[in-house]
Amino acid sequence: MSLDLRSSYAPLLALAGTVGLLGGFLGAPPTWLLAWVGLLLPLLALVARWSPVRAGVGAAVLGVAAVALWPVPLMWGPASWLEVCGAAAFWAVPALGALAAGGHLRRQASRMRQAVRDGRRDQQLELARDLHDFVAHDVSAIVVQAQAARFVADKDPEQAVRALERIEAAGLGALASMDRTVHALREAAGARSASVPGTSELPGLVERFEGGVLDADPAAARALSREADTTAYRVAVEALTNVRRHAPGAAVVRVRLHRAAEGIELSVANSAPARGAGGLLGLGLRRRSGTGLAGLRGRVEAAGGTLRAGASADGGWRVCAVFPAQGRALG
């Protein structure tokens, strides 16, 4: 329905209401007035549904008055004031009902538009989390490896070459993650989940991480639901990214996926940083919110799991996510 047609309902109702009032008090035939009321009722509903509020209010008041007062000239004289007021109140009911029907449709349309806006906002937030979870990991790797290559370039060119190779791999991984995000923007919502990586990509993820050790049980991975599988990968990416940022001196980082008493457990544990290497273990979880581990907590819980993080006995840091196992995979 065009905007011009919508904006014409209020003036049309105002004109029709004025004509109806004048016709009643000028002695128009009752059948003519009743037919005019039949025209005013749908106009009232259309104004309540489509017209701008400021223009619609005045037209609606005039339309309700025209519908409610049409029998008053016919009752003038023989009827008492109480009867006249009763007749006006009786005819005001269908007018108010037409307004209520149009207002209800207007409110439903407003709720639908708000739901669409909320859905778009949620999608934007999810894409932002995807960029953080997947791209930030590879970008952090590029920065760390570039810093390492700069320090060892003169003393150990072979180590610098290996660092450059890792930088290349991390850059390609970042480009792939960005390609998946752009693909997600172009595809329908139902097709997006197919481009999100899961635990099957843990070997490549850990291989790109210097000092990373993977212990993954394939049966445990198969026991994860699709949502839990992708969420577990997100947890691993975020935990490894935080190790690079806050514990760069950690010699070993163990990523383990296995069955536990509570379900399927994914854990990422780093050793204590070497003396003098720096690093603030756990800072990412305690200080940050909305993204990172704090943001992943809601994702893990939405997948039916729990997320824990804290210092380990050897002075390192451990992140652990436990997900329920699918019943069909337990046998």
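Values reported hereafter were calculated over all heavy atoms of this structure, with side chains retained and with hydrogens, waters and symmetry mates removed. Start at 1 with the first residue, then count along the sequence.
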Polar side chain donor-acceptor pair, Gln114 to Arg117, under 3.5 angstrom: yes
Val57 vs Arg54, test: side chain to side chain contact (heavy atoms under 4.5 Å, CB included). Steps then yes/no. CA-CA 6 Å; Val57 168; Arg54 181 174 298 180; over 6 Å; no
Closest heavy-atom contact between Leu202 and Ala236? CD2-CB, 3.6 Å
Going from NE2 on His258 to CD1 on Ile264, what distance comes out if it is rounded to the nearest 0.5 angstrom? 9.0 Å
Taking the side chain as every heavy atom from C-beta outward, state whether Leu62 and Leu21 have any atom pair closer than 4.5 Å. yes
Within-4.5 Å side-chain heavy-atom neighbours: Val255 and Val213: no
Quick one: pull up CD in Glu201 and CD in Glu207 and give me the separation to the nearest 0.5 Å. 12.5 Å
Verify same cluster id: Leu40, Leu96 (apolar side-chain graph, 4.5 Å): yes
Test your reading of the model: is there a side-chain donor-acceptor pair from Arg297 to the backbone of Leu307, 3.5 Å cut-off? yes
Val61 reachable from Trp50 in the ILVMFWY side-chain graph, under 4.5 Å edges: no
Membership question, hydrophobic clusters at under 4.5 Å side-chain separation (ILVMFWY): are Leu15 and Leu22 in the same one? no
Spell out, yes or no, whether Leu39 and Tyr9 are grouped together once hydrophobic residues are joined by side-chain heavy atoms under 4.5 Å, including indirect joins. yes
Is any side-chain N of the basic residue among Arg226 and Asp229 closer than 4.0 Å to the acidic one's carboxylate O? no
Without swapping roles, check the side chain of Ser271 against the backbone of Val252 for a donor-acceptor pair under 3.5 Å. yes
Quick one: do Glu265 and Arg259 satisfy side chain to side chain contact (heavy atoms under 4.5 Å, CB included)? Show the steps, please. CA-CA 6 Å; Glu265 179 181 291; Arg259 293 182 182 272; over 6 Å; no
Is the shortest side-chain heavy-atom distance between Pro30 and Leu74 below 4.5 Å? yes
Looking at CG of Leu214 and CG of Leu257, how far apart are the two atoms once the value is rounded to the nearest 0.5 Å? 8.0 Å
Applying side chain to side chain contact (heavy atoms under 4.5 Å, CB included) to Val268 and Leu240, what does each step give before you reach the verdict? CA-CA 7 Å; Val268 180; Leu240 292 174; 4.0 Å; yes
Carefully, step by step, assess Val72 and Leu69 under the rule side chain to side chain contact (heavy atoms under 4.5 Å, CB included). CA-CA 5 Å; Val72 171; Leu69 298 179; 3.9 Å; yes
Over all heavy atoms of both residues, which pair between Ala48 and Gly103 is shortest? Give the atoms and the distance, please. CB-N, 3.6 Å
With the side chain counted from C-beta on, respond yes when Ser312 and Trp317 share a heavy-atom pair under 4.5 Å apart, and no when they do not. no
Neighbour count above 12 (heavy atom, 6.0 Å) for Arg162 CZ: yes
Should Leu44 and Val64 count as side-chain neighbours, where that means a heavy-atom distance under 4.5 Å? yes
Nearest heavy-atom approach of Leu33 to Ala28 is CD1-O, 3.8 Å
Tell me whether Thr231 contacts the main-chain N or O of Glu227 through its side chain, where contact means a donor paired with an acceptor under 3.5 Å. yes
Measure from the side-chain N and O atoms of Arg234 to the backbone N and O of Pro197, and report whether any donor-acceptor pair falls under 3.5 Å. no
If I take atom CE from residue Met112 and atom CZ from residue Arg107, how far apart are they, to the nearest 0.5 angstrom? 13.5 Å
Is Glu262 paired with Arg308 through a side-chain N to carboxylate O contact shorter than 4.0 Å? no
Taking the six-membered ring where the residue is Trp, are the ring centres of Trp70 and Trp36 under 6.0 Å apart? no
For the residue pair Val53 and Arg106, establish whether any side-chain heavy-atom pair is separated by less than 4.5 Å. yes
Give a yes or no on whether Leu105 and Leu43 share a hydrophobic cluster (residues Ile, Leu, Val, Met, Phe, Trp, Tyr; joining criterion: side-chain heavy atoms under 4.5 Å apart). no
How close do Leu224 and Ala232 get, counting heavy atoms only, and between which atoms? CD1-CB, 4.4 Å
Do side-chain atoms of Glu83 reach the backbone of Ser80 as a donor and acceptor pair under 3.5 angstrom? yes
Work out which heavy atom in Phe323 is nearest to a heavy atom in Ala228; give both atom names and the distance. CD2-CB, 3.7 Å
Closest heavy-atom pair and its distance - Gly304, Pro324: O-CD, 3.3 Å
